[in-house]
Amino acid sequence: MAAIQLYNTLSRQLEALRPPTGEPLGMYTCGLTVYDYGHIGNFRTFIAVDVLQRFLLSEGYQLNAVLNLTDIDDKIIERARTAGHGVGEHAAIYARAFEQDMELLGLRQPEHLVRATAHIEAMVAWCDRLIATGHAYISQGSVYFRVASFPAYGALSGKDAESLLVGARVESGLEQKEDARDFVLWKAHKPGEPSWPSPWGPGRPGWHIECSVMAMHYLGASFDLHAGGADLVFPHHENEIAQAEAVTGERFVRHWFHVEFLLVESEKMSKSLGNYYTVRDLIARGVKPSALRYLLASVPPRRSLNFTHEGLEQSAAAVERLTGFRDRLRRNGENQPPAGADRAVEWVRTARENFRAALADNLNTAAALGAVFEMVRAGNAALDAGEMTAQAARAALDFLAYFDGIFGVLGDEDEARLAAYALGTGLELSAPALDMAAIEARLAERAAARARRDYSRSDELRRELEQLGVVVEDVKGGEQKWRVKK
RNA sequence: GGCGCGGUAGCCAAGUGGUAAGGCAGAGGUCUGCAAAACCUUUAUUCGUGAGUUCGAUUCUCACCCGCGCCUCCA
């Protein structure tokens with residue numbers, strides 16, 4: 001297969017990712033600032049990164065992935081104060097919540113899940129180097145990056161020095177900066193705020209320095225791939241580049257991967273509009289993790305995603321089509337006569353090729369799903385025609401397993417994850433537990449009724465079962481198949 | 001104003017210089033005791049608008065309209 005192409009924000013074009021070698025691919029992702037629960041926009045990014053990473057692994061790459069949590073910042077301090085928490089305590093609460101959301105959505109554990117406060121010394125040391133090399137200066141106990149000392153500033157976001165100055169002047173001039181574009185690396189201590197010692201006095205790190213320092217700490221001065229939300233391009237990632245490259249002189253990141261914004265009902269998500277959703281908001285409404293994951297993964301990362309409740313329902317229906325097909329394969333696949341086997345295996349191979357090619361083309365998840373569904377239709381048709389051989393069924397099941405290893409949407413673990421999530425978060429799930437005893441009893445009675453062709457009783461029992469939350473389907477051979485009602 | 005992304009059927013959405021993947025929803029049919037599921041057929045003579053290049057454009061160029069993001073700490 002051709003090399004994996006990804007859009008690189010820095011060059012503004014598709015670029016081939018280096019091929020897999022024995023050397024792991026170094027990848028850094030800007031994670032959450034833990035002042036509150038992560039919202040679905042955050043998780044859109046993390047799911048896109050997750051799909052990318054799982055795809056890379058399936059293509060033979062080794063990964064060294066770093067995901068950071070920002071656990072010291074203005075907003076955390078402010079929210080902690082409002083909530084009556086200590087700052088560390090507040091951050092810990094939401095860091096834990098993030099990890100719960102991560103597990104619920106099946107996000108891959110990165111090789112390093114790192115926190116800013118665990119790397120303060122390294123940040124101080126880096127500030128020191130920036131000062132020593134003339135790229136930063138001390139002003140009233142704070143340290144600022146001297147943008148004028150880094151001519152390449154603005155390359156990532158396509159901004160020129162002049163427009164940056166115009167933008168910056170709008171801001172208040174209270175800070176003691178040489179130049180309006182300069183940004184803070186280290187904030188001097190203020191009463192009532194956490195602080196760490198430094199050569200310039202107590203204080204805390206600025207936002208941008210943490211990512212440069214932690215990325216280089218785990219991945220080296222120059223690494224392969226850096227991901228994050230599109231809104232981080234400027235200033236955050238621009239500043240990361242400046243902080244790193246000003247000292248090292250090396251190209252900080254080869255490939256910048258940005259995930260577009262998420263809208264809700266075509267509007268920017270905001271608390272004031274009442275369209276702001278955290279993961280737990282949706283789970284509490286009975287949304288399945290697999291459906292949420294499907295929706296967030298189904299739109300390619302470079303396109304903005306319009307999140308709607310209708311979209312969630314459509315996603316849930318699409319997931320059911322996939323799992324329904326898999327169930328059919330498992331039920332029927334083994335008992336069919338093996339005849340003309342090779343033709344049926346052919347469409348699985350085609351689907352796999354198209355699927356891989358789509359993902360390799362800038363992670364085109366929509367096209368990749370198209371390939372999967374084309375196989376589903378072909379497979380269902382073969383099953384209907386009684387032409388599904390054991391070999392073809394196995395090939396299709398293998399492909400579905402491979403597919404789900406990347407997309408993670410078939411929902412096999414929904415129930416277990418929801419249970420663990422409810423336990424961990426104390427969240428009450430709206431989905432009522434099934435009364436299995438009552439269901440089993442009615443299924444048995446219905447089977448008996450059907451055996452004696454008492455269809456009115458059978459239909460009555462089907463209605464009762466629906467009340468109990470399950471849909472019954474009569475499969476050929478008189479067998480009853482049931483599933484949880486949507 | 002600057003930089004960037006996007007406007008494809010009721011909804012979500014792929015895509016190509018040669019005539020529109022896929023999913024959801026809808027309609028008809030097959031199957032079924034009835035259903036469900038599945039399958040088949042059907043639902044955009046048309047891809048924001050206008051002009052241009054071309055034998056031919058949704059795909060290239062230009063202009064315009066609309067939506068969205070960023071422009072100093074928001075994923």
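Predicted, not measured: the structure shown is a model, and the values here were computed from it. Below, chains carry the letters A, B, ... as their sequence lines are ordered, and counting in each starts from 1.
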C1' gap between B:rU41 and B:rC3, integer Å: 49 Å
Exercise for the section: Name the nucleic acid region contacted by A:Val372, choosing base, sugar-phosphate or nothing; use a 4.0 angstrom heavy-atom cut-off, strictly under. Expected result: nothing
B:rC3 -> Watson-Crick or G-U wobble partner, both distances under 3.5 Å, gives B:rG69
Give A:His208 one of three labels, base, sugar-phosphate or nothing, depending on what nucleic acid heavy atoms sit under 4.0 Å from its own. nothing
- Answer yes when A:Asp404 and A:Arg326 have at least one side-chain N-carboxylate O distance shorter than 4.0 Å, and no when they do not. no
note: A:Leu305, atom CG; B:rC12, atom P; distance rounded to Å ~ 11 Å
Exercise for the section: Determine the Euclidean distance between corresponding C1' atoms of B:rA21 and B:rU16; express it in Å to zero decimal places. Expected result: 11 Å
Atom CD of A:Glu265 and atom P of B:rC68 are separated, to the nearest Å, by 14 Å
Using OP1 and OP2 only, check whether a side-chain N or O of A:Lys159 sits under 4.0 Å from B:rG1. no
Would A:Arg352 pass as a cation-pi partner of A:Tyr402, given that its NZ or CZ must be under 6.0 Å from the six-membered ring centre and within 45 degrees of the axis?
yes
Query - Inter-nucleotide P distance (B:rU43, B:rA51), Å rounded - result: 29 Å
With sugar-phosphate meaning primed atoms plus P, OP1 and OP2, does A:Ser458 contact a base, only sugar-phosphate, or nothing at under 4.0 Å between heavy atoms? base
When rounded to whole Å, the CG to P distance for the pair A:Leu312 and B:rC12 reads 14 Å
Inset, instruction - Check whether the aromatic ring of A:Phe373 stacks on the base of B:rG22, taking stacking as ring centres less than 5.5 Å apart and planes within 30° of each other. - result: no
N/O (side chain, A:Arg328) to phosphate O (OP1/OP2, B:rA38) under 4.0 Å: no
5'-most contact on RNA chain B (nearest-nucleotide basis), A:Asn364 vs A:Ala230, goes to A:Asn364
Using 4.0 Å as the upper bound for N to carboxylate O, is an ion pair formed by A:Arg457 and A:Glu445? yes
Picking from B:rA36, B:rC11, B:rC74, the nucleotide nearest the side-chain atoms of A:Glu310 would be B:rC11
Applying the 3.5 Å cut-off to both distances, the Watson-Crick or G-U partner of B:rC34 turns out to be none
Next on the checklist: For the P atoms, the ones on B:rU42 and on B:rU61, what distance do you get once it is rounded to whole angstrom?
Outcome noted: 35 Å
Side-chain atoms of A:Arg181 come closest, of B:rG23, B:rC73, B:rU72, to B:rU72
For B:rG10, the nucleotide meeting Watson-Crick or G-U wobble distances (both under 3.5 Å) is B:rC24
Presence of salt bridge, A:Asp327 and A:Arg483, under 4.0 angstrom
no
Between CD of A:Glu260 and C1' of B:rC68 the distance, given in whole Å, is 8 Å
The nucleotide from B:rA75, B:rC5, B:rC24 with an atom nearest the side chain of A:Ala317 is B:rC24
What's A:Asp459 touching, base or sugar-phosphate or nothing? Going by heavy atoms closer than 4.0 Å. base
- Tell me what A:Lys75 touches on the nucleic acid: a base, only sugar-phosphate, or nothing, going by heavy atoms under 4.0 Å. sugar-phosphate
**Asked** Can we call the ring centroids of A:Phe223 and A:Phe252 under 6.0 Å apart?
**Response** yes
Review point. Does a nitrogen or oxygen in the side chain of A:Arg303 sit under 4.0 Å from OP1 or OP2 of B:rG4?
Key: no
Separation of B:rA75 atom C1' from A:His236 atom NE2, nearest Å, is 10 Å
Students often get this wrong, so: under 4.0 angstrom with heavy atoms, is A:Gly38 touching a base, only sugar-phosphate, or nothing? nothing
Item to complete: Please tell me if the side chains of A:Trp482 and A:Leu465 come closer than 4.5 Å, counting only heavy atoms from C-beta onward.
Response: no
Applying the 3.5 Å cut-off to both distances, the Watson-Crick or G-U partner of B:rU58 turns out to be none
Pairing partner of B:rA63, by Watson-Crick or G-U wobble and under 3.5 Å for both distances, is B:rU49
The residue, A:Leu262 or A:Asn239, whose nearest nucleotide of RNA chain B is more 5′ is A:Asn239
Can you tell me whether the side chain of A:Asp474 and the base of B:rC34 have a donor-acceptor pair closer than 3.5 Å?
yes
Please report whether the ring centroid of A:His135 lies less than 6.0 Å from that of A:Phe150.
no
A:Trp482 atom CH2 is separated from B:rA35 atom P, nearest whole Å, by 24 Å
By the Watson-Crick or G-U definition, both distances under 3.5 Å, B:rU19 is matched with none
Report task. Name the nucleic acid region contacted by A:Ala366, choosing base, sugar-phosphate or nothing; use a 4.0 angstrom heavy-atom cut-off, strictly under. Result -> base
When rounded to whole Å, the CG to P distance for the pair A:Leu363 and B:rG15 reads 12 Å
### Distance-only donor-acceptor test (3.5 Å): side chain A:Arg462, base B:rA35
yes
(Q) If you go through the side-chain atoms of A:Gln314, does one of them form a donor-acceptor pair with the base of B:rC11 closer than 3.5 Å? (A) yes
request  = Select base, sugar-phosphate, or nothing to describe what A:Gly311 touches, counting heavy atoms under 4.0 Å on all strands.
outcome  = nothing
Looking only at B:rC74, B:rC73, B:rC12, the nucleotide nearest the A:Asn306 side chain is B:rC12
Has A:Arg79 got its NZ or CZ under 6.0 Å from the middle of the six-membered ring of A:Tyr35, at an angle within 45 degrees of the ring axis? no
> Can you find a donor-acceptor pair, distance only, under 3.5 Å between A:Arg450 side chain and B:rG33 base?
Replying inline: yes
Closest of B:rA36, B:rG23, B:rG22 to the A:Tyr294 side chain is B:rG23
A:His309 NE2 to B:rG10 P, in whole Å, measures 23 Å
